Structures are given as C-alpha cells and as structure tokens.
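Below you'll find the structure, written out as structure tokens, and then a few comments.
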Amino acid sequence: MINLMELTICHMYPDLLNLYGDIGNIINLKKRCEWRNINANIVNFTVGSDVDLTKTDIFFMGGGSDRGQSIVYSDLTQYQKVLSNAIEDKTTFLAICGGYQLLGESYIDAMGNRIPGLGVLDYTTESEEGRLIGNVILKNHLGLKPETLVGFENHGGRTYHDYDTIGTILTGNGNNGKDNLEGMVYKNCLGTYLHGPVLPKNPHLADHIILTALKEKYDIDKLEQIDDKLEYKAHHNVLDLYGV
Amino acid sequence: MDMRPSIIAGKLTIYGLKVFGMKGTALPCKVAMRLNPDILKLIDLRCKKKLIITGTNGKTTTNNLINHILAENYPNILSNLMGANMPQGIASAFLNNLKEEYDWGIFEVDEGSFEDIVKYIKPDYVLITNFFRDQLDRFGEIENTSKMVYDAIKPLDTTLILNADDPMVVKFKDLNKPSIYYGVQKTNFSSMNQSVVESRFCPECNEGLEYEYYNYGQLGKYHCENCGFKNPDYKYRISSIEYINNSYEFEIGTSPGDSSTINFGYDGIYNAYNCCAAVAFARETGLKMDIIKSRIGNFDYKLGRMENFTYKSRTIKIVLVKNPIGLTEVLHSIANDERRKSLLFILNDNPADGTDVSWIWDADVETVQNIKNLENIFFSGIRADDIALRLKYSGKTVKPELINSNIEDSIEDAMNSAVEIVYILPTYTAVYNTREIVINLINSNNPKIQRFREVLRSKLGA
Ligand SMILES: [Zn+2]
C-alpha cells in the first residue's frame with residue numbers, strides 16, 4: 001500500500017515570502033517524496049486563495065521583505081485559529097526566518113514599536129543593531145544522524161523563547177547571537193533562521209519532516225532509503241569550509 | 001585642488017603591482033583613496049559630461065556598448081569598462097588613463113556605492129537598468145536598495161534614462177526629474193508566465209500588479225488595478241526580436257514609422273534591454289541612428305563576460321551569472337541553441353559573489369530540461385557541490401565524476417568534451433580566472449604560438 005501514500009504540502013504565501021531560496025525547500029520535499037513514490041501535492045496559499053487549510057499535512061512558510069511580511073500579516077490573522085489548532089494537533093510545520101518570527105507573539109522593531117505577530121506560539125523577536133549574516137553550523141537536538149545541520153542566516157531580528165531548540169550553534173549566530181541556540185521546536189512545528197535553503201543540504205532534516213507528517217497520517221515509522229551521496233557531499237563541503 | 005600626491009601614490013602602486021605581476025582593478029586605488037578621498041571630485045572636474053549607469057543586471061554590457069558607440073565621436077572617454085563599480089574601481093580607471101580632460105565620464109556604479117559616488121561625481125544622466133535581487137546579504141531587500149539610489153538622486157540636477165518595463169525603476173518618476181523611457185514591447189520572447197518569483201507589487205500602493213506579458217523577471221507590461229500605475233510611454237522601444245544564425249536581430253526605434261534593424265551577436269532578451277538602453281542614451285546625446293546601428297553591429301565583447309573563443313574547432317562561450325534572473329535568462333537563451341553542447345557551472349561564494357549561494361534555488365534551473373543536445377554538465381568552484389545539488393533537484397542526472405572544485409581542471413575537461421559548443425557559466429569572482437585559463441589552453445594548443453615559444457626559448461638559451 002506504500003504507493004498510495006500522499007502528502008499535501010501547503011506553501012504559505014509563495015509570492016510574498018520568497019527570500020533567499022526558501023522555495024528550494026518545497027522543491028526538495030516534493031522530489032524526496034516522488035523518489036519514494038509518495039505523492040506530494042503542493043498547494044500554493046496566498047492572499048485571496050480558497051484553500052481548506054485543515055487538509056494540510058505539511059505547512060511551509062518562508063521569509064519575506066518587510067513589505068511582503070506586512071501584507072502577509074494583515075491577511076494571515078483571519079487564519080490564526082486554524083493554524084494554532086493545526087499546530088496543537090501535531091501537524092508538521094516548517095517556518096523559516098520571517099515565517100518563524102510571524103508565528104510568535106510580537107516583533108519589536110528598531111524604534112521600540114511592538115508589532116503583533118500571529119501569537120500561535122509564545123515568543124517575541126526584537127530588532128537589534130546589525131544583521132546576523134553568514135553560514136551556520138549546528139549540532140542538532142532532534143536526534144538526527146549525522147549530528148550537524150548546515151545553513152545560511154540573514155536576519156536583523158533576535159528571537160527569545162523557552163521552547164526546545166533545533167540545535168546548538170557551532171558556527172554562526174542562530175536565534176539571537178547570545179545563547180548559542182538555534183530555532184524552535186514545539187510538537188511538530190519547527191521554526192528556524194536557516195536559509196540555504198535548509199533542506200537540500202540536510203537530507204536527514206528533510207526526511208525527519210516527511211516522516212513526521214507520514215507518521216501522523218499513516219502511522220509508519222520508517223522511510224525508504226534513497227541515494228544521498230551528493231547531498232552529504234555538499235553538507236560536508238560546508239563543514240570543511242569552516243573546519244568543523 | 002592639488003591631487004598630485006594621491007595620484008602619484010596610486011600610480012606607484014599600479015607600477016608596483018605590475019612589477020610584481022599582480023593584477024588588481026580595484027587594489028591600487030585603495031591606497032590613493034586613503035591618501036586623498038577627494039580623488040573622485042577631480043574626476044568630476046575633468047569630465048565635461050557624465051553618465052552613471054546603475055541597476056542590478058546589464059550595467060557592464062550597457063557601459064561597454066555605450067563606450068563603443070560614443071567612441072565614434074568622442075576620443076576621450078573615461079570609463080570603468082572592466083566592471084569594477086565601487087569608488088576604488090572608478091578611481092582605478094582614472095589612474096590608469098590619466099588625462100587633463102575627458103569628453104565623457106561614463107561609469108557603471110554598484111547600487112550600494114551609488115550614494116557615495118554621487119557625493120563627488122555629479123552625473124548629467126543617470127541610466128537605471130533594473131532592480132533584481134542580487135547579493136542580498138549585502139543590502140537587505142531590493143526595496144531598500146532602490147530606495148537608497150532613489151534618495152541619492154533627489155538632490156541631483158540630472159536627466160534620468162529609465163527602463164519603462166520595470167515597475168521598480170518607473171517608481172523613479174516620482175522624483176520629477178526629466179525622464180526618458182525605454183523598453184521592449186511584446187515579442188516572440190515574451191511569455192505569459194513569469195518563471196522566477198520576483199517583486200511584482202505596485203511600488204505606489206503595494207497591490208499586486210496585473211501583467212499582460214513578461215519579458216524577463218518582473219520586466220513586462222503591467223498595470224495596477226488599484227491606483228492606475230502602469231508602464232509609461234516609451235521614447236525608445238524594441239518592437240521585434242528574431243533569433244537568426246545564433247545572433248539576434250532587433251527592430252528598434254522611437255516610433256512605428258522610425259525604426260531600424262540592429263544585429264547583435266550575443267544572446268538573450270536581457271541584451272535587447274541593454275541595446276535599447278544604449279540606443280536611448282546615444283540618441284539623447286545627438287548621435288545619428290545609422291552610426292549607432294553600425295557600432296552595435298560590430299560590437300565585440302572583450303571582457304570575459306560574453307566572450308566567444310575557438311578551441312579545437314569548438315566554440316567556447318563564457319557568460320557571467322550572478323543572480324536568479326540572470327541565470328534563468330542565460331539558461332533560456334542556451335535552450336535556443338541546437339548545437340551539441342557541454343555546460344560548466346562555476347559557483348563561488350566569495351564576498352563579491354555574495355556569500356549566500358541560496359540564490360541558485362530561486363532561479364528556474366528546471367529550464368535545463370529544455371536544453372537540446374546537452375551532452376555533459378560539469379560543476380566547479382568553491383560551491384561546486386551546491387550547484388550540482390541544485391541540478392539534481394531540477395530532475396537532471398548529475399554525474400559525480402564531473403564535479404570538481406578545481407576550476408582549472410574542470411575547464412580543461414569541459415573544453416575537451418566532444419561537443420560543438422561549451423558554455424562556461426562562472427560567478428563574478430571566477431570570471432577573470434576562467435578567461436585566463438581558457439586563453440592559456442587555447443594558446444597551448446596553437447602550433448604557431450608553441451613554435452614561437454620554442455624559438456624564444458632557444459634564443460634565450462633556456
Ligand atoms: Zn498601485
């Protein structure tokens with residue numbers, strides 16, 4: 001019955017939240033499903049879309065420009081309840097950078113103004129001087145092998161929270177450049193500052209996301225192995241460049 | 001103003017670099033700039049008229065085209081033709097070509113340096129090509145980049161030459177400066193779908209823009225249902241593009257009755273825009289269309305950006321790629337070429353390339369599927385694995401043995417592959433290297449040059 005598995009992946013606001021190659025995560029998830037004969041149904045959701053969000057198996061939300069994010073925020077508030085229910089019900093969610101910030105309580109900008117977020121999760125992001133830009137290498141807390149995760153960060157906001165995190169920083173800044181931690185984990189919702197895009201060079205993380213969603217839907221606990229030599233070669237190239 | 005000490009220091013540095021066999025289009029002037037930051041002011045004084053070309057893509061080509069056209073009438077032009085487009089690069093061009101007076105100063109200027117440069121060099125014209133995402137890790141978002149340029153133009157007494165097909169550029173009409181618009185009408189190369197997601201929101205009111213067609217990135221015919229923002233009327237426009245014998249033919253003119261056919265030997269709809277920009281500017285300076293037409297027709301690129309070489313009877317073509325729109329358009333134009341071919345991607349992540357290589361995922365690399373007679377794809381550069389991975393996820397089979405971060409070896413392998421044409425697509429910091437390696441390989445394969453070297457060696461007694 002393996003052939004009949006299907007995942008609905010909802011790409012949130014692909015026209016507005018589309019910085020730094022985040023679309024690569026969608027390309028990646030789709031291919032990795034296809035290679036295993038899992039049907040990946042990509043649904044683009046944006047302003048004015050008529051989509052039943054409750055049918056989603058994986059939500060994906062990337063980062064955007066200030067303008068893009070403000071348009072998204074004013075549209076997204078009407079789905080606050082749907083999204084928070086989905087996250088509580090253990091729907092898989094991957095939110096990158098601006099998307100990660102948007103799920104929190106608020107964003108405090110450089111002038112000290114408090115801009116409310118969706119408030120689905122309990123954290124705030126503060127704008128601080130200097131953007132955090134560069135390659136990032138983590139030791140992951142998700143129990144994934146290999147232990148490292150690699151990516152590229154580019155953000156002005158610093159996020160502070162008490163949730164579990166995705167990993168400990170080996171190179172780079174992460175959530176706030178202070179506590180050496182990166183990302184946020186709540187149930188099956190992952191928030192992270194990693195672009196790159198994050199999934200192609202971290203096939204173990206990509207499969208973790210696919211497996212989490214399949215577990216919820218089909219109660220399976222293992223994915224078919226596929227050839228990841230090229231993926232891990234690119235992963236190790238980043239480690240080598242930074243001597244990790 | 002006595003600039004002599006800094007000029008002498010700059011010159012000495014250039015001399016020193018030459019003696020030691022180093023090259024640097026920007027390096028010597030770091031010294032000169034440190035000694036006298038006003039060196040740009042001197043450039044301003046010595047150029048009778050000035051044009052600054054800025055925007056994301058097409059600056060170097062447009063600059064070279066305009067220089068080539070204007071050279072017909074003006075013997076003394078100061079320009080940074082090599083594409084070093086920050087203050088040191090412009091100062092370098094000056095120190096390498098010192099004259100008391102220039103008819104024209106024509107400079108391509110990096111969007112991020114625009115503000116710093118126009119503090120000293122006051123342009124009579126500013127030509128803006130487009131605003132795409134480029135090297136985001138340096139400037140944040142394109143809105144911020146274009147805003148920086150916009151604010152810097154405000155106090156200037158200048159005429160704007162604007163790409164009417166880019167909403168981000170047309171926003172500059174709000175500056176109320178004298179403005180000349182150019183653009184490309186619907187042609188065989190226009191499409192109904194945009195292949196790369198770029199900014200396509202109204203710069204006046206943030207509503208989504210409606211498009212009748214796209215030419216390239218967010219360039220096309222657009223309007224805003226909400227506030228009426230739309231393409232302004234063209235003064236100069238291209239009305240048709242034909243691809244004949246691996247070169248392009250443009251119908252270009254000021255109005256339907258007044259148009260000429262121009263031949264241009266280089267690929268891509270982006271070059272239609274570059275040509276149109278050059279024509280618009282050249283016409284504004286008073287040059288006749290006949291002259292412009294023949295100059296564009298015999299334009300020959302010498303800078304390793306779109307250069308053609310011949311090696312063992314196959315064509316070698318080097319095309320710089322540096323951002324998603326550029327890469328997408330280059331792949332589209334390669335798809336028009338039916339010859340048996342190899343591709344070599346060279347991806348670096350040095351600061352001048354942009355240290356973030358994620359942009360390759362924003363390009364429509366899936367277009368590679370449409371390239372006919374594609375025999376081999378090679379991958380090289382610091383981030384060879386990243387571009388190989390991108391190709392794998394576009395659905396192409398990647399051969400691990402064709403991935404090699406050593407640029408020299410990869411170029412040699414690609415150039416020796418049994419095909420009719422080899423396309424080499426390097427990022428910025430790999431371009432000059434690539435060109436040198438290609439030329440060395442060609443020379444080492446040329447019996448005349450080999451013979452000459454042998455004679456030279458025997459005469460030197462070596
Ligand atoms: Zn509008």
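Here the structure is a predicted model, which means the values were calculated and not measured. In what follows, chains carry the letters A, B, and so on, assigned in the order in which the sequence lines appear, proteins first and then strands, with residues in each chain numbered from 1.
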Parallel, tilted or perpendicular, as decided by the 30° and 60° cut-offs, for the rings of A:F93 and A:F59: parallel

Parallel, tilted or perpendicular: rings of B:F229 and B:Y222 (30°, 60°):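 Judged by the thresholds at 30° and 60°, the geometry between B:Y222 and B:F229 is parallel.
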
Passing option when A:D228 is tested against A:K233, A:K145, A:R32 for salt bridge (Lys or Arg N to Asp or Glu O under 4.0 Å): A:R32

Contact origin within B:R383 toward chain A - heavy atom pairs under 4.5 Å: both

Contacting region of B:I382 [heavy-atom separation from chain A under 4.5 Å]: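 For B:I382, backbone and side chain are both near chain A.
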
Could you look at [X] and say if it's the side chain, the backbone, both or neither that has a heavy atom under 4.5 Å from chain B?
X      : result
A:N135 : side chain
A:D227 : backbone
A:I71  : side chain

Carboxylate-amine/guanidinium proximity below 4.0 Å for A:K178 and A:E128: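 Yes, A:K178 and A:E128 are salt-bridged.
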
Salt bridge present between B:E204 and B:K173 (N-O < 4.0 angstrom):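 B:K173 and B:E204: salt-bridged.
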
Heavy-atom pair count under 4.5 Å with chain B, highest-scoring of A:K201, A:H195, A:H236: A:K201

